[in-house]
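For reference, the structure is listed below as structure tokens.
The first residue of the sequence shown is numbered 1, and numbering continues consecutively from there.
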Amino acid sequence: MKKAKLFTLLALLTVGLGVTGCAMPDFLYTTVEGHEHTLAHYYNATRHWDECTECGERINVEDHVYGEVTYTDTTHSALCSVCGYGLVEEHTYTYVSLNDSSHAKYCEFCSYYVGIEDHNLVLTATTREVYNETTEEDEEVEGHFSRCACGYEKDDFEVHSTDPDVYSADNDEHYKICDVCGCIYERENHSHGYNDTPTDSTHGVYDEDDESGYYGYYTLTYTCEVCGYEYTDLYNLSEEDYIERYPDEPE
């Protein structure tokens, strides 16, 4: 109990003197296991702790506890009431929607109030259930709506639109890009059939210093039956499989 009181007194003296870094005088602290520590007080930008100068063990690790906060138009500052660490950082803004046209802007740390601003609406992709009059059932469709960073959402959902016969593609998938919002939708894996001549496009043996771990390779060309995208894929072979696949190859 006396040692705990001594630690508290030293901490208060440290804050009062405005000392930073490894500020507290060394003192002895004995754990339950009987190991004797010589502790010093440390801190970083987020927390403070006591650390043994002999073995490096840390105890009393805690987040900073800030007192009164002062601020300017761009930054706020405060002192930790335990270790004296001085925080100075730029405001981190958050928003509260007020109505269909505006929101309030303020710092989420110090509550510094900036003022009222108009919503900045951005088209955002989403999936929603929409009633299909033909099937008389709800179905999930991909579309977009207007949303502000403050969380306000405008009730203007529309289904994505583009030329139904136009696809974009990569080696694995095809998809459409909405002409209105630019979002990717209807992403699907390619559905492949072989070309008219389902033979190897190329094949060969790797150099001896190749790091793939395989003896040889061959490639096949695929064409997606949905979007028409064509690409060549590579397949690795062991020496045994390569010789079996190409028995007429000269050694």
Side-chain angles (χ1 to χ4, degrees), residues 92-105 116-207 210-238 241-242 245-246 249:
T92 303
Y93 295 111
T94 189
Y95 308 86
V96 175
S97 178
L98 302 176
N99 49 46
D100 290 344
S101 60
S102 62
H103 55 249
K105 179 180 180 180
I116 296 176
E117 301 177 335
D118 292 338
H119 290 313
N120 181 22
L121 298 177
V122 178
L123 288 176
T124 305
T126 187
T127 301
R128 293 186 180 177
E129 284 195 350
V130 175
Y131 181 73
N132 187 321
E133 295 182 354
T134 302
T135 62
E136 297 184 347
E137 293 180 351
D138 290 337
E139 60 181 31
E140 282 196 348
V141 296
E142 296 180 85
H144 49 256
F145 68 100
S146 301
R147 187 178 190 277
C148 179
C150 73
Y152 171 76
E153 297 181 357
K154 189 175 181 180
D155 186 19
D156 61 349
F157 176 80
E158 292 181 341
V159 177
H160 290 315
S161 61
T162 191
D163 188 328
D165 297 323
V166 174
Y167 288 89
S168 297
D170 54 34
N171 277 3
D172 300 313
E173 299 174 316
H174 52 252
Y175 48 86
K176 296 180 179 179
I177 300 177
C178 179
D179 293 334
V180 178
C181 69
C183 292
I184 292 175
Y185 69 106
E186 291 188 9
R187 184 185 291 273
E188 297 176 327
N189 291 329
H190 291 306
S191 176
H192 292 298
Y194 285 114
N195 278 352
D196 294 336
T197 54
T199 57
D200 302 353
S201 297
T202 59
H203 66 272
V205 176
Y206 289 119
D207 295 333
D210 185 81
E211 298 179 355
S212 68
Y214 291 94
Y215 178 80
Y217 67 89
Y218 70 97
T219 61
L220 291 177
T221 300
Y222 296 95
T223 301
C224 178
E225 297 172 336
V226 176
C227 69
Y229 182 80
E230 185 177 283
Y231 77 100
T232 301
D233 206 357
L234 180 143
Y235 300 87
N236 290 309
L237 294 171
S238 66
D241 290 338
Y242 187 89
R245 186 177 183 89
Y246 305 108
E249 286 280 305

Point to revise | All side chain to side chain donor-acceptor pair (under 3.5 Å) counterparts of Asn99, not counting sequence neighbours | key: Ser101, Ser102
**Study point:** ring-ring contact (aromatic ring centres under 6.0 Å, His included) partners for Phe145, two or more places apart
**Key:** none
Point to revise | Sequence-distant partners of Glu139, salt bridge (charged side-chain N to carboxylate O under 4.0 Å, His left out), two or more places apart | key: none
Review point. Are the aromatic rings of His103 and Tyr95 close, with centres under 6.0 Å apart?
Key: yes
Practice item. Tell me, please, which residues at least two apart from Asp241 pass side chain to side chain donor-acceptor pair (under 3.5 Å). Key: Ser238
Check your understanding: Which residues satisfy the ring-ring contact (aromatic ring centres under 6.0 Å, His included) test with Tyr235, sequence neighbours excluded?
Key -> Tyr218
Exercise for review: Determine which pairs satisfy salt bridge (Lys or Arg N to Asp or Glu O under 4.0 Å) with at least one residue from residues 174-185, sequence neighbours left out, and list them in order.
Suggested key: Lys176-Glu186
Practice item. With sequence neighbours left out, write down each residue that passes ring-ring contact (aromatic ring centres under 6.0 Å, His included) with Phe157, or none if nothing qualifies. Key: none
**Study point:** Sequence neighbours excluded, every pair satisfying salt bridge (Lys or Arg N to Asp or Glu O under 4.0 Å) that has a member inside residues 145-167
**Key:** Arg147-Glu153
Point to revise | Heavy atoms of other groups near Glu129 CD, more than 12 under 6.0 Å | key: yes
Exercise for review: Not counting sequence neighbours, which residues clear ring-ring contact (aromatic ring centres under 6.0 Å, His included) with Tyr206? List them please.
Suggested key: Tyr217
Point to revise | Those residues that, when tested against Glu117, pass salt bridge (charged side-chain N to carboxylate O under 4.0 Å, His left out) (two or more places apart) | key: Lys105
Review point. What residues, two or more places apart in sequence or in another chain, satisfy side chain to side chain donor-acceptor pair (under 3.5 Å) together with Ser212?
Key: Asp210
Point to revise | Sequence-distant partners of Glu173, salt bridge (charged side-chain N to carboxylate O under 4.0 Å, His left out), two or more places apart | key: Arg187
